[in-house]
Structures are given as C-alpha cells and as structure tokens.
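Both ligands and their constituent atoms are indexed starting at 1 by order of listing.
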Amino acid sequence: MAGFWTLMPSRLLFVVGLLLLDTTSSFVSAAGSSVHHNPLTGEAMNFFGTRSPPKNATVNKYLPKPSNDSWYKPPGGWETAKPGAVLRTRAHAYPTINIRNAIDTFQVLYRTTDSRNNASWSVATVFIPKSHENCTLPTTSPAYNASACSHGIVAYEVPSDSADPDAAPSYLLQMREPYGEMRDMLARGWFVMVPDYEGPGASFCAGVQAGHATLDASRAVLSIAGQFGLQMDKVKLGLWGYSGGAFAAEFAAELAASYAPDLRIDASVIGGSSPNLTTVDERMNSKDTAGLVVTSILGITVQQPEARAFLLRQLHPTGPYNATGFMNATTMTGADALDAYSGQNVFDYFVNGQADWANPAMQDVINTDAVMGLHGVPNMPSFYYKAEHDEMSPVNETAAIVEKFCSQGANILFHRNTLGGHNDELWSGRLRALEYLSAKLNGYGNITIPETGCQTVDVTIPLDPLYLLPDWWWTEGPGAGLGLAGAG
Ligand SMILES: *[C@@H]1O[C@H](CO)[C@@H](O)[C@H](O)[C@H]1NC(C)=O
Ligand SMILES: *[C@@H]1O[C@H](CO)[C@@H](O)[C@H](O)[C@H]1NC(C)=O
Ligand SMILES: *[C@@H]1O[C@H](CO)[C@@H](O)[C@H](O)[C@H]1NC(C)=O
Ligand SMILES: *[C@@H]1O[C@H](CO)[C@@H](O)[C@H](O)[C@H]1NC(C)=O
Ligand SMILES: *[C@@H]1O[C@H](CO)[C@@H](O)[C@H](O)[C@H]1NC(C)=O
Ligand SMILES: *[C@@H]1O[C@H](CO)[C@@H](O)[C@H](O)[C@H]1NC(C)=O
Ligand SMILES: *[C@@H]1O[C@H](CO)[C@@H](O)[C@H](O)[C@H]1NC(C)=O
Ligand SMILES: *[C@@H]1O[C@H](CO)[C@@H](O)[C@H](O)[C@H]1NC(C)=O
Ligand SMILES: *[C@@H]1O[C@H](CO)[C@@H](O)[C@H](O)[C@H]1NC(C)=O
Ligand SMILES: *[C@@H]1O[C@H](CO)[C@@H](O)[C@H](O)[C@H]1NC(C)=O
C-alpha cells in the first residue's frame with residue numbers, strides 16, 4: 001500500500017480532492033446531528049465506540065474476548081494488594097496491531113478501587129511508539145540513542161460508552177482506534193496508555209470508578225514502563241480524554257490529590273466534557289445518541305444494587321420498549337448501542353416514563369458518581385476545550401466547573417470554540433490538545449498557556465474536513481509528515 005501511494009502522488013491528490021468535496025457535503029448535511037458518517041465507507045463515525053472485531057477474526061490473530069480470556073482473572077489474594085499494584089503483565093500483548101505508529105504493546109492487570117471504595121482490578125494497555133524500536137537495546141549498542149527515547153506517556157481515555165465488559169478498550173483496540181488521536185501521540189514519540197476505566201463490570205459513567213482506575217493504571221504502568229524503554233529519570237505523565245473519555249480524565253484529575261497524592265501528573269486535557277449525566281442524558285435522548293442513555297443507565301447502576309433493582313422493577317415487562325430490549329445493551333459496544341436505540345425515547349422503557357428517571361433512586365447515584373466538580377480540585381495544569389454550541393452538554397456547565405476549580409487555585413487554560421458542535425470540536429481541538437501535551441511533556445508547544453491561575457479564551461476554529469480523512473492519508477498518503485501526525 002505504502003509503495004502504491006508513494007508512486008502515484010498526483011493521482012492520489014486528485015482522488016483526495018474528490019473525497020474532500022464529499023467530506024464537506026457530508027459534514028454540512030450532518031450539521032446539528034451527533035453522528036457523522038465516514039464519507040468513504042458510509043460507516044457511522046460516532047464518537048463513542050470502536051467497531052466490533054471483523055467477523056472472520058481468527059483466534060490467533062486477535063486476543064480472545066475478556067470474558068473468555070483467563071489472563072483477565074486476577075491472581076488469588078489480589079484484594080489485599082495496594083491500589084496501583086501490578087498483579088500481572090503480558091509483554092507483546094497484541095498478536096496484531098492495527099494502530100499506526102505503534103511498534104508493540106504490553107498489558108498490565110492492576111489493583112484498583114471501585115466507586116464504593118471496594119477493592120477492584122482493571123487492565124491497562126500500553127502502546128509503544130515506533131520511534132522506540134531501539135530503546136530496549138543495551139545502552140552500549142550503536143543503535144541505542146537515548147535522545148530518541150521518550151520520557152512522555154499519556155493516559156488516553158477511549159470513550160468506550162458501553163455497558164459490555166467485552167467492549168473494553170484492551171480488547172477492542174486490537175481492531176483499530178476510534179479517531180486517530182493515538183496515532184498522532186505515537187507519532188510524537190509518546191507512550192500511549194489506555195486504561196479500561198469502566199472496570200470489570202463495565203460501569204460506564206461511574207465517575208469515581210473511572211478516576212480511580214485511571215490513577216491506578218498510571219501508578220501500575222509507571223512502576224514497570226522503564227523495562228519497556230520509557231526514560232524514567234525524566235518521565236512526564238499526561239491525561240487526555242474527549243466526551244466519554246473526558247468523563248474519565250476529569251474524574252482522575254479531580255480525584256488525584258486525595259486518592260493518589262504520590263502520583264505526579266504533568267497535564268490533563270479535558271475536551272467536550274459533560275459535567276452532569278442528568279443534563280447530558282436528557283439532551284441525548286430521542287436522538288441518534290439515545291443508545292448512550294441506555295448504556296449510561298446500565299453503567300451507572302452496575303455497582304449500585306438498589307438502583308439496579310429499582311431499574312429492573314420499573315422496566316416494562318412487555319410491549320415494544322421492554323426490559324429484554326433494554327438489557328440487550330449489556331452485550332453491545334457503544335457503536336452498536338447507538339445503532340440499536342437511535343431515535344428512541346428511552347423513558348418509554350419505564351412504567352412511569354421520565355418520572356422513574358427523575359426518581360431519587362436513580363438521581364442519587366448520578367449526583368454522587370456522575371457529576372463533576374464534587375470530588376476535589378485538579379492538582380496539575382489542565383487544558384479544557386469545548387464548543388460553545390456543544391449540543392450534548394451546555395458550555396456553561398463546563399465553565400462553572402472551571403470557575404469553581406479556579407477559585408480554589410487550579411491552573412487551567414479554557415478554550416471555548418465559537419464554531420461547531422460536540423463532534424466537530426473533537427477534531428478541531430485535537431491539534432491544540434496535542435500542542436498542550438507537548439508543552440507539558442516535552443517543554444515546547446505552539447499554544448499560549450498561563451503559568452499560574454486561569455485563562456479563558458474564545459477561539460474561532462473551523463472544522464478542517466481534512467481531519468475526517470482516514471489514517472492512511474496522514475501516515476502513508478500525502479498527509480505523511482504534515483499537520484497532525486508528523487508535527488512536533
Ligand atoms: C476478513 O474480511 C475482510 C472484509 O470482509 C477482508 O478484507 C479480509 O481479508 C478478511 N481477512 C481474512 C484473514 O480472511
Ligand atoms: C473461547 O475461547 C476458545 C479458545 O480458547 C474458543 O474455542 C471458544 O470459541 C471461545 N468462546 C467464545 C464464547 O468466544
Ligand atoms: C462494597 O461496598 C458496599 C458499601 O460500602 C458494601 O455494602 C458491599 O457489601 C461491598 N461489596 C463487596 C463485594 O465487597
Ligand atoms: C534503530 O536502529 C537501526 C539500526 O541502526 C536503524 O536502522 C533504525 O533507523 C533505528 N530506528 C530508529 C527509530 O531510530
Ligand atoms: C538521536 O536521536 C535524536 C532525536 O531523535 C536525533 O536528532 C539524532 O540525530 C539521533 N542520533 C543518532 C546518532 O542517530
Ligand atoms: C445535575 O443537573 C440536573 C439538571 O440537569 C440537576 O437537577 C442536578 O441538581 C444536577 N446535579 C448536581 C449534583 O448539581
Ligand atoms: C420486547 O421487545 C422486543 C423489541 O421490540 C420485541 O421483539 C419483543 O417481542 C418484546 N417482548 C415482549 C415480551 O413483549
Ligand atoms: C437485541 O439486539 C440485537 C442486535 O441489535 C437485535 O437483533 C435483537 O432484536 C435485540 N433483541 C431485543 C429483544 O430487542
Ligand atoms: C446554563 O444555562 C441554562 C440555560 O441558560 C440554565 O438553565 C442553567 O442553569 C445554566 N447552568 C449553569 C451551571 O450555569
Ligand atoms: C501556531 O498556531 C497558530 C494558531 O493556532 C497557527 O496560526 C500557526 O500556524 C502555528 N504555528 C506553527 C509553527 O505551527
């Protein structure tokens with residue numbers, strides 16, 4: 001493939017020109033919608049899930065599903081290990097890597113703590129950048145070059161948006177990554193660490209769980225990453241997530257000081273955050289995003305037996321919107337749930353409609369586990385970015401959180417983009433997110449950051465439809481070395 005594109009540059013540019021037109025028209029027609037379609041394949045480019053494995057995936061080309069993989073069973077006595085302790089590792093974890101610029105992976109099973117402070121465990125998957133291919137050679141080897149070996153690692157939160165334990169990123173990322181952000185971080189030479197922040201029960205939207213799992217993944221991975229070539233004497237750690245991913249990154253940032261005071265985090269990047277699950281679910285309902293209302297209600301009740309019992313009692317036993325159809329989402333990826341429930345009024349599944357959703361049995365767990373800003377103040381420099389016209393979560397909710405943290409001494413740069421909606425900002429904000437991480441991890445970045453205190457900046461950055469081009473365009477096609485993938 002690479003050879004073909006290199007040999008046919010003018011032909012390719014022509015093809016790309018046509019694609020751009022398609023991309024643009026699809027973008028325009030998708031305005032106001034929350035799910036874009038890939039103009040090349042027609043595939044839904046929702047921002048919440050990775051696709052399912054190919055139907056013909058063979059057992060030895062891909063790791064088995066977590067539910068069928070004994071490696072995911074923590075060893076006896078794990079409960080008494082300290083949070084962040086490594087319980088098990090596997091080097092060269094993925095038989096097949098479908099993420100650009102990654103040369104190898106390793107996985108760590110580690111001890112963490114769930115939303116109710118019970119002992120739990122989870123898995124982190126670490127992607128090693130291609131630029132590290134000589135970094136585990138003896139330092140005396142002529143090919144070893146310390147200055148080409150990274151000291152930067154980013155805990156990257158994939159928006160899995162699923163209530164299915166088999167949709168954990170550690171498994172699904174074998175097939176591909178959702179948006180190319182991992183590819184771009186790897187191109188900058190950073191290790192990319194992806195925690196299964198929903199934990200073994202797939203507690204989507206359980207914020208405390210997600211924060212703990214991210215912080216413990218960071219502790220566990222940093223304790224062994226030196227063996228894999230990360231330069232531990234000057235290591236720097238960043239957090240990054242958008243939308244569902246921002247949910248996990250934000251909870252990690254606000255819980256860091258109390259839960260993991262030993263962990264030094266050099267940056268957190270929080271894009272398109274949804275500070276209050278009640279607000280965002282009501283906005284996502286009855287639209288193409290309704291599936292995420294279903295998965296969030298399932299996810300938030302995984303660790304809450306009373307709320308789960310209430311939910312099961314209030315679901316219609318029969319009729320078109322019944323309990324079987326609702327619980328069906330426990331075996332769907334986020335993307336599958338978006339397809340299955342698109343446009344539905346999720347409250348139709350409840351015997352008392354929206355009143356059941358508003359019942360304290362549901363609202364109490366949301367208010368304690370799925371509302372940001374109530375569990376501490378980020379103790380690291382942070383970059384927030386959000387579209388002013390984010391249709392899923394009002395920008396003022398994020399502004400209120402930023403203001404609250406700032407009044408308590410936080411260091412935050414907040415970019416409010418006057419253009420675009422929720423999904424546009426995922427792409428439009430990416431370069432700024434990478435530059436912020438670069439500034440904090442590498443010491444240089446094309447972005448103005450307040451040294452201390454806070455700064456809110458209104459930016460006007462249009463969606464560049466080039467961003468919607470697929471991976472190969474940036475890595476093997478004419479985009480190689482340009483823009484996102486090659487920068488910095
Ligand atoms: C699996 O199916 C895809 C698409 O149908 C095809 O491109 C690919 O070559 C197949 N892989 C194997 C190993 O058969
Ligand atoms: C579980 O894994 C085994 C191989 O280890 C395979 O034969 C079996 O089909 C798998 N079952 C499921 C449900 O995936
Ligand atoms: C988890 O914690 C809750 C509340 O602290 C407790 O009631 C429950 O029994 C614990 N569950 C387990 C499995 O330890
Ligand atoms: C690793 O070393 C080999 C042999 O010296 C060299 O060809 C290759 O470019 C090096 N890789 C990197 C990423 O520097
Ligand atoms: C070592 O890596 C640095 C940074 O990538 C590069 O500038 C330098 O040329 C490399 N040195 C050798 C001897 O390859
Ligand atoms: C979350 O938002 C809802 C309205 O959307 C509000 O009723 C609730 O009080 C909020 N929760 C918190 C903890 O602020
Ligand atoms: C539950 O809903 C599904 C999907 O609408 C429907 O096919 C099924 O018949 C319903 N079951 C009952 C018992 O009504
Ligand atoms: C469960 O989901 C599958 C896949 O989307 C669908 O084919 C099936 O009809 C669903 N069952 C119910 C009861 O809704
Ligand atoms: C955000 O704005 C809406 C509508 O203007 C208002 O109802 C809501 O209370 C505001 N929320 C915050 C946190 O300021
Ligand atoms: C730095 O960013 C500004 C605005 O975001 C942009 O106009 C400029 O081209 C960038 N410079 C470099 C060297 O990337």
* **Tyr436-His415 aromatic ring centre distance below 6.0 Å** =>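 When the ring centroids of Tyr436 and His415 are compared, they turn out to be at least 6.0 Å apart.
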
* Asked: Taking the six-membered ring for Trp, are Tyr321 and Phe326 ring centroids under 6.0 Å apart?
  ->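 No, they do not, as the ring centres are separated by 6.0 Å or more.
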
* Hey, is atom 14 (O) of ligand 8 touched by any protein heavy atom at less than 4.0 Å? ->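 Yes, there is one.
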
* Under 4.0 Å from any heavy atom of Met332, which atoms of ligand 8 are there? ->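 Checking each atom against Met332, I get 2 (O), 5 (O).
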
* Report, in ascending order of atom number, the atoms of ligand 8 lying under 4.0 Å from any heavy atom of Gly325. =>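 That gives atoms 14 (O) of ligand 8.
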
If I take atom [atom1] from residue [X] and atom [atom2] from residue [Y], how far apart are they, to the nearest 0.5 angstrom?
| X | Y | atom1 | atom2 | answer |
| --- | --- | --- | --- | --- |
| Glu198 | Ser122 | CD | OG | 9.5 Å |
| Leu277 | Gln363 | CG | CD | 8.5 Å |
| Tyr171 | Thr333 | OH | OG1 | 11.0 Å |

* Among Asn367, Leu374, Thr368, which residue places a heavy atom closest to atom 12 (C) of ligand 6? ->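 Heavy atom nearest to atom 12 (C) of ligand 6 belongs to Asn367.
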
* **Nearest neighbour of atom 8 (C) of ligand 6 from the list Thr278, Asp364, Asn276, Thr279, on a heavy-atom basis** =>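 The nearest heavy atom belongs to Asn276.
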
* Asked: To the nearest 0.1 Å, how far is atom 4 (C) of ligand 3 from its closest protein heavy atom, and which atom is that?
  ->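 Looking only at protein heavy atoms, the one closest to atom 4 (C) of ligand 3 is Arg116 NH1, 4.1 Å.
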
* What protein heavy atom sits nearest atom 1 (C) of ligand 3, and how far off is it? ->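 Among all protein heavy atoms, the one nearest atom 1 (C) of ligand 3 is Asn118 ND2, 1.7 Å.
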
* Do Gln344 and Tyr349 get their side chains close enough for a donor-acceptor pair, meaning under 3.5 Å? ->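 Looking only at side-chain atoms, Tyr349 and Gln344 do form a donor-acceptor pair, the distance falling under 3.5 Å.
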
* To do: Report yes if Asn328 has an N/O atom closer than 3.5 Å to an N/O atom of ligand 8; otherwise report no.
  =>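 Asn328 vs ligand 8: N/O contact under 3.5 Å present.
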
